[in-house]
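Source: prediction; values computed, not measured.
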Amino acid sequence: MGIEIGRFEGGWAELLPLVNLAFAAPWNEAQLEAERKIWEPARSIVATEEKEVVGHTCAFSFDLTVPGARLPVAGVSMVGVLPTHRRRGVLRDLMRRQLTELYETGAEPVAALTASEPVIYGRFGYGLGSDHQEVTVPKVARALRPVDDADDIRISYADPVESLDVCTEIHNTEALERPGMFQFDDRWKTHVIGETVVTDSRNGSPLRCVLASRDGETTGYAHYRTKRADKRFVDVIRVHAKDLASHVALWQFLLDQDLLSQTYCEQLPSDDPLLSLLVDPRAPNATTRDGHWVRLADVGRALAGRTYASDLDVVLEVEDDFLPWNAGAWHLTGGPSGATCVKTDRPGDLRLGVRELGSVYLGRPSLALLGAAGLVEERTPGALRASSAAFLGNRLPWLDTGF
């Protein structure tokens, strides 16, 4: 009997042997329990051989912000194949089954994931849809340029659990304006303050929370840990605020901690004001990291599901060898108020792969850059420039929560 792909009908415990072997992950019981609580069993697909689970993928049901809209997006996660079964097409078959189901059920037109190895997913049509900055700011370089009203903001400690509702409200409000962020429901708002498989709590304090406030109103918050390693440092997990003054006040607090030599943040937005406000522009020692990898499972619904920065009328000739229903010419018309996208017999103005569409879907620059790299072919003069401008978002997309 060969390897079969199908719906998983077992329990969490039956997945753990594959998780431990496929990810080579020494995850502790608290981390595994946190993952179990957000797992959606009905969305797990497995590869089995003689009833043994040898491969797995699942999805989270996200309400994700895209340029100008919110869209149901499948957050693909826990993708793994046993080391004994690699290079046999198992991952390919799992990916195809998952994306085909998204299309045929009409569940979500877009899938997104975070990649443990970025070179893997391009062959399945995923494109790099966002990035962020990993920064380390030495305490000696903490000085920020002045910002109006930042000194009027009060910073106070809060219990991470007791402050959960107000913090979630601030997060979800920001998420409405930032492509790539998703709304925290009851599961996720609890998940992000726990010890998860994307959280490194080694040598760290318990999670700490501080609130920013003005005139009795909570205007922002930060979650962080203090850690001991070769150097004692502040490990910033997230900072969210309603206004610039609160954002700056929180960062001033995080950059100026006694007995700690530096402040570290793994996932800072690439357009975060902190990067412009540090007096020493070299201080962050920023390294760009990949965030979302985005895959259009249904090109028509996906492109019609977001808005565009300027009026657009273009035919996109899309190449997609993995999901053949996406291949062909698509007539995209739209602008700031909405869009339509339908199959057409018209010749293409631009020719590109579905991977490139995933790269620009969340508004990350830009089709023009991909064209300069030879990844987008312009067939109608001016079409590339106009389309590139239209696809841009008001803010850079940001993965603020690993999954």
### Summary
Nearest heavy-atom approach of Val236 to Tyr224 is CA-CB, 4.0 Å
### Query
Thinking salt bridges, do Glu174 and Arg238 make one under a 4.0 Å N-O criterion?
no
### Message
Test side chain to side chain contact (heavy atoms under 4.5 Å, CB included) on Val354 and Leu323; report intermediate values, then the result.
### Response
CA-CA 9 Å; Val354 73; Leu323 303 180; over 6 Å; no
### Task
Would you please say whether a donor-acceptor pair under 3.5 Å links the side chains of Asn394 and Glu177?
no
### Task
Scan residues 352-372 for pairs that pass ring pair (Phe, Tyr, Trp, His ring centres under 6.0 Å), counting only residues two or more places apart or in two chains.
none
### Query
For the atom pair OG1 (Thr401) and CD (Gln267), what is the distance rounded to the nearest 0.5 Å?
7.5 Å
### Query
Which pairs, with at least one residue in residues 24-35 and sequence neighbours excluded, count as a salt bridge (Lys or Arg N to Asp or Glu O under 4.0 Å)?
Glu33-Arg36
### Message
Taking the side chain as everything from C-beta on, heavy atoms only, tell me whether His331 gets closer than 4.5 Å to Arg346.
### Response
yes
### Query
If you take all heavy atoms of His247 and Asp272, which pair is closest and at what distance?
NE2-OD1, 3.0 Å
### Message
Distance check, rounded to the nearest 0.5 Å: Thr57 atom OG1 versus Met78 atom CE?
### Response
9.0 Å
### Message
Once rounded to the nearest 0.5 Å, what's the spacing between atom CD of Glu377 and atom CG of Leu370?
### Response
14.0 Å
### Query
Is a donor on one side and an acceptor on the other found under 3.5 Å between the side chain of Asp349 and the backbone of Val315?
yes
### Summary
What one should report as the nearest heavy-atom pair of Gly338 and Thr307 is N-CG2, 3.9 Å
### Query
Between Gln257 and Val234, is there a donor-acceptor pair closer than 3.5 Å when you use the side chain of the first and the backbone of the second?
no
### Message
Under 3.5 Å, is there a donor on one side chain and an acceptor on the other for Asp243 and Ser246?
### Response
yes
### Task
Can you measure from CG (Leu32) to OG1 (Thr196) and round to the nearest 0.5 angstrom?
11.0 Å
### Task
On the 0 to 90° scale, with breaks at 30° and 60°, tag the His56-Phe8 ring pair as parallel, tilted or perpendicular.
perpendicular
### Query
Okay, side chain of Ser366, backbone of Leu369: is any donor-acceptor separation there less than 3.5 Å?
yes
#### Entry: Heavy-atom side-chain contact between Leu144 and Leu255 under 4.5 Å
yes
### Query
Below 4.5 Å, heavy atoms only, C-beta onward: do Val248 and Pro273 meet side chain to side chain?
no
### Query
With a 4.0 Å cut-off, would you call Asp258 and Arg232 a salt bridge?
no
### Task
Indicate yes or no: at least one non-hydrogen side-chain atom of Leu94 is less than 4.5 angstrom from one of Val79.
no
N/O donor to acceptor pairs below 3.5 angstrom from side-chain atoms of residues 102-110, sequence neighbours left out:
from, atom 1, to, atom 2, distance (Å)
Thr105, OG1, Glu101, O, 2.6
Thr105, OG1, Ala107, N, 3.3
Glu108, OE1, Arg43, NH2, 2.7
Glu108, OE2, Arg43, NH1, 2.8

### Query
Taking the side chain from Glu319 and the backbone from Gly353, do they hold a donor-acceptor pair closer than 3.5 Å?
no
### Query
Can you list every pair that meets side chain to side chain donor-acceptor pair (under 3.5 Å) and has a residue in residues 123-147, with sequence neighbours left out?
Ser130-His292, Asp131-Ser270, Gln133-Ser270, Gln133-Thr288, Glu134-Tyr264, Glu134-Arg289, Arg142-Asp256
### Task
Quick one: closest heavy-atom pair of Asp311 and Gly335, and the distance?
OD1-CA, 3.8 Å
### Query
Is Asn172 reaching over with its side chain to a backbone N or O of Gln183, donor-acceptor style, under 3.5 angstrom?
no
### Message
I'd like to know whether Leu362 forms a side chain to side chain contact (heavy atoms under 4.5 Å, CB included) with Leu64, so could you lay out the CA-CA distance, the side-chain angles of the two residues, the decisive distance to 0.1 Å, and finally the verdict.
### Response
CA-CA 10 Å; Leu362 294 178; Leu64 195 81; 4.3 Å; yes
### Message
Taking Ile38's backbone N and O only, do any of them form a donor-acceptor pair with Arg187's side chain (distance below 3.5 Å, no angle check)?
### Response
yes
### Message
Rounded to the nearest 0.5 Å, what separates atom CZ in Arg306 from atom CG in Leu71?
### Response
11.0 Å
### Message
Salt bridge check, Arg225 against Asp235: does any charged N sit closer than 4.0 Å to a carboxylate O?
### Response
no
### Task
State whether the side chain of Arg178 and the backbone N or O of Leu396 hold a donor-acceptor pair below 3.5 Å, judged by distance alone.
yes
### Summary
Taking every heavy atom of Pro67 against every heavy atom of Gly363, the minimum-distance pair comes out as CG-N, 4.0 Å
### Message
Donor-acceptor check, side chain of Thr114 to backbone of Phe403, threshold 3.5 angstrom: yes or no?
### Response
yes
### Message
Tell me whether Arg282 is salt-bridged to Asp280, with the criterion being a basic N under 4.0 Å from an acidic carboxylate O.
### Response
no
### Task
Decide yes or no on side chain to side chain contact (heavy atoms under 4.5 Å, CB included) for Leu303 and Tyr308, but give the supporting numbers first.
CA-CA 10 Å; Leu303 293 182; Tyr308 297 85; 3.7 Å; yes
### Task
For Trp398, check side chain to side chain donor-acceptor pair (under 3.5 Å) against everything at least two apart and list the hits.
none
### Message
Per the ring pair (Phe, Tyr, Trp, His ring centres under 6.0 Å) rule, what does the pair list look like for residues 159-218, sequence neighbours excluded?
### Response
Phe60-Trp188, Phe62-Phe182, Phe62-Trp188, His171-Phe184, His171-His240, Phe182-Phe184, Phe182-Trp188, Trp188-His191
### Query
So how far is it from Leu367 CG to Ser359 OG, rounded to the nearest 0.5 Å?
9.0 Å
### Query
Going through the distances and angles, do Thr333 and Leu312 end up as a side chain to side chain contact (heavy atoms under 4.5 Å, CB included)?
CA-CA 5 Å; Thr333 58; Leu312 182 66; over 6 Å; no
### Query
With a cut-off of 6.0 Å (strictly less than), are more than 12 heavy atoms of other residues, nucleotides or ligands near CG of Leu259?
no
### Polar side-chain atom of Thr263 near backbone of Leu254 as donor-acceptor pair, under 3.5 Å
yes
### Message
Between Lys242 and Glu169, does the salt bridge (charged side-chain N to carboxylate O under 4.0 Å, His left out) criterion hold? Intermediate values first, please.
### Response
CA-CA 10 Å; Lys242 295 181 179 181; Glu169 181 182 359; 5.5 Å; no
#### Entry: Glu52 side-chain N/O to Thr48 backbone N/O, donor-acceptor pair under 3.5 Å
no
### Query
Is there a donor in the side chain of Ser213 and an acceptor in the side chain of Thr219, or the other way round, less than 3.5 Å apart?
no
### Message
More than 12 heavy atoms of other residues, nucleotides or ligands under 6.0 Å from CG of Asp159: yes or no?
### Response
yes
### With Asp320, the salt bridge (charged side-chain N to carboxylate O under 4.0 Å, His left out) member among Arg96, Arg355, Arg295
Arg295
### Message
I'd like to know if Arg385 and Glu378 make a salt bridge, using a cut-off of under 4.0 Å between side-chain N and carboxylate O.
### Response
no
### Task
State, without any angle test, whether Trp39 and Ser44 hold a side-chain donor-acceptor pair at a distance under 3.5 Å.
yes
### Task
Report, as yes or no, whether the 6.0 Å neighbourhood of atom NZ on Lys37 holds more than 12 heavy atoms from other residues, nucleotides or ligands.
no
### Query
Nearest heavy-atom pair of Ala115 and Asp290: which atoms, and what distance?
O-OD2, 4.3 Å
### Message
Within the 4.5 Å heavy-atom criterion, are Asn285 and Thr287 side-chain neighbours or not?
### Response
no
